[in-house]
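Just below is one structure, and these are the notes that go with it.
Keep in mind that the numbers below use all heavy atoms, side chains included, and drop hydrogens, waters and symmetry copies.
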Amino acid sequence: MVHTFQCLGVRVAVDVNSGAVHVLDQLTYDLLTALAQREEDGASLDGELPQALMAALPQYAPADLAETWAELRELTREGLLFEADDYIDRDKAASMQQQALVKALCLHVSHDCNLRCKYCFASTGDFGTGKRMTMDIETAKKAIDFVIAKSGNRRNIEVDFFGGEPLMAMDTVKATVEYARSIEEQYGKCFRFTITTNGVLLSDENIDYINREMSNAVLSLDGRREVNDDLRPTVNGKGSYDVIVPKFKKLIAGRGDKDYYLRGTFTRFHKDFAEDVKELAAIGKNVSVEPVVGKESDPYAIREEDLPQLKAEYERLAEYLKDHRETNFFHFNVDLQQGPCVIKRLRGCGAGCEYVAITPDGDIYPCHQFVGNEDYKLGSVHDGSFNKELSGKFAGLNVYTREECAHCWARFYCSGGCSASNLLVGGDIKHPHKVGCELERKRLECAIALKAIDAGMAD
């Protein structure tokens, strides 16, 4: 499978199975595109240049077409074009369904929040339960014990303090870190902590603590003041931008070389999200802004009719970032060296098997977006229960067991998408939703074009 596209004035071919990326001149691009469009009909680079392809490209001299054809054939011999799929064997895909080791927790220390975001998947903090609460310290300790027991020989463990708003349970956060640090040497573990916060309760003390103890900080802000305050009001309906931004700036200034991301969400209410990326980049260089996921009936949800405008906006953003490389936009980061391991490339985030969420009650779910859906409850840290059959279903999800993904050029980059989003939009964790896939593919095209420009591969 070969995917050809043009973006930022760059003509690109991605050989899906080898991972090779080629920047092309116009003739080669047109010839390869014509060939790829006939791939399903059995067209290939075997043999001489077919007369049908020559006839389809009358603007080029036959000798030039023949020379380019020979160059393309050489790339196939080198395994860089129309490469066979090493993983297409269904037995190999099925072998991934073994029980995975849990290596990461999303620890819901708070099911309460001091903002009332209009698109909140957590029902403004209580996850639809009608019960606002924080996690007690004993439950948090049991969560740490759980991941130690389930992680086997794996040394590195990730814990993300989440909510709701985790700063509303700062005592639990601190006690959890202290407990994990006190036993990590005993069990041969190394904990890496992250906190996701809306920033309202960021005091100087909290900022100092986060910058000292948290390897990563995810700072929620939707961009421009008018956009953020429209979508992320406080409990009393007032805007949150002016309260939060000075605190985020202070936290970022004290991060040193530690990771952080300013993380925003765009909806169909504000589709010019490139302006929000620019606003966030003026606050801190690491930025993540991604589309909201919602049911078609949700007024803020992105619809198929929004795709042309949003795709154009991604290109507009890429044009801006081409000249502002100091900005690290998370969704244009792409590894063209096939860096992630095979399992990561095929299965993605590992929700439900390698990664789980734990609620203030101690209930275990595949990830934060499944919390509250009893059909997907995996167990409890209090009684030690863990549904291996359900976890195994998540472990068995990959780009081949998701049939739509098996034929998608982007499959090794997105790894099958988000199970929770698939369930929310389409009612099935196995079937990706079209809108999300279309946007993911466009992001990847922009990211690959930027990489080509950075590498000096483009004209």
Side-chain angles (χ1 to χ4, degrees), residues 1-93 334-342 344-346 398-400 403-416 440-441 444-459:
M1 180 184 287
V2 174
H3 175 65
T4 57
F5 66 92
Q6 298 186 66
C7 184
L8 306 179
V10 182
R11 295 171 292 273
V12 178
V14 177
D15 187 62
V16 177
N17 294 323
S18 72
V21 175
H22 308 277
V23 177
L24 313 172
D25 60 25
Q26 190 66 59
L27 186 159
T28 309
Y29 178 82
D30 289 342
L31 179 57
L32 190 54
T33 299
L35 177 63
Q37 289 172 345
R38 291 165 171 78
E39 189 179 0
E40 290 186 1
D41 300 326
S44 72
L45 282 161
D46 295 334
E48 299 300 315
L49 175 64
Q51 289 295 321
L53 283 180
M54 294 182 64
L57 300 168
Q59 67 270 38
Y60 298 114
D64 292 338
L65 287 170
E67 180 181 357
T68 301
W69 183 260
E71 292 171 352
L72 293 177
R73 291 191 69 191
E74 180 61 28
L75 288 174
T76 64
R77 284 191 287 270
E78 294 174 1
L80 299 175
L81 204 61
F82 292 102
E83 181 70 348
D85 190 342
D86 290 337
Y87 308 107
I88 198 65
D89 187 329
R90 294 288 172 164
D91 290 337
K92 291 184 180 180
V334 61
D335 185 354
L336 299 185
Q337 304 302 318
Q338 304 299 323
C341 67
V342 171
K344 180 71 174 175
R345 291 177 65 203
L346 301 188
N398 59 66
V399 297
Y400 297 120
E403 294 182 7
E404 295 96 327
C405 298
H407 306 288
C408 175
W409 73 266
R411 61 183 181 266
F412 294 135
Y413 295 104
C414 88
S415 307
E440 175 70 20
R441 285 190 283 263
L444 284 168
E445 288 183 348
C446 291
I448 291 169
L450 283 171
K451 280 282 190 180
I453 292 170
D454 287 347
M457 298 167 64
D459 295 337

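Closest approach of S18 and G79 over heavy atoms only: CB-O, 3.3 Å. Counting all heavy atoms, side chain and backbone alike, E440 lies closest to C414 at OE2-CB, 3.5 Å. In terms of heavy atoms, L8 sits closest to C446 at CD1-O, 4.3 Å. Between A70 and R77, the closest heavy-atom pair is O-NH2, 4.4 Å. Shortest non-hydrogen contact noted between A13 and L32 is CB-CD2, 3.5 Å.
In this structure, the side chains of R441 and Y413 stay at 4.5 Å or more apart for every pair of heavy atoms. Between L72 and F82, the closest side-chain pair of non-hydrogen atoms is not below 4.5 Å. A 4.5 Å side-chain heavy-atom check between R411 and D85 finds at least one atom pair inside the cut-off. In this structure, Y60 and L31 have side chains that are not in contact, with every pair of non-hydrogen atoms separated by 4.5 Å or more.
A parallel orientation is assigned to the rings of W409 and H3, their planes being inclined by less than 30° (bins at 30° and 60°).
Here the side chain of D15 pairs no donor or acceptor atom with the backbone of A20 at under 3.5 angstrom. Put simply, the side chain of R73 gets close to the backbone of G47: a donor and an acceptor are under 3.5 Å apart.
By the 6.0 Å contact criterion, CD on E48 is open, its count of non-hydrogen atoms from other residues, nucleotides or ligands being 12 or less.
Here C7 contributes atom SG and I453 contributes atom CD1; the two are 8.0 Å apart, rounded to the nearest 0.5 Å. Atoms CG and OG1, on L24 and T33 in that order, are 7.5 Å from each other to the nearest 0.5 Å. Distance CZ/F412 to CG/L444: 13.5 Å, rounded to 0.5 Å. W69 CH2 to E74 CD: the interatomic distance, rounded to the nearest 0.5 Å, is 14.5 Å. Annotation: the span from L75 atom CG to H22 atom NE2 amounts to 5.0 Å, rounded to 0.5 Å. Atoms CG and OG1, from L49 and T68 in turn, are 9.5 Å apart once rounded to the nearest 0.5 Å.
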Legend entry - CA sep, side-chain torsions, deciding dist, call: D30, Q59, side chain to side chain contact (heavy atoms under 4.5 Å, CB included): CA-CA 10 Å; D30 289 342; Q59 67 270 38; 3.9 Å; yes

Legend entry - Full working for side chain to side chain contact (heavy atoms under 4.5 Å, CB included) between L65 and L27: CA-CA 8 Å; L65 287 170; L27 186 159; 4.1 Å; yes

Inset, instruction - Could you go through the side chain to side chain contact (heavy atoms under 4.5 Å, CB included) check for V12 and E445 one step at a time? - result: CA-CA 9 Å; V12 178; E445 288 183 348; over 6 Å; no

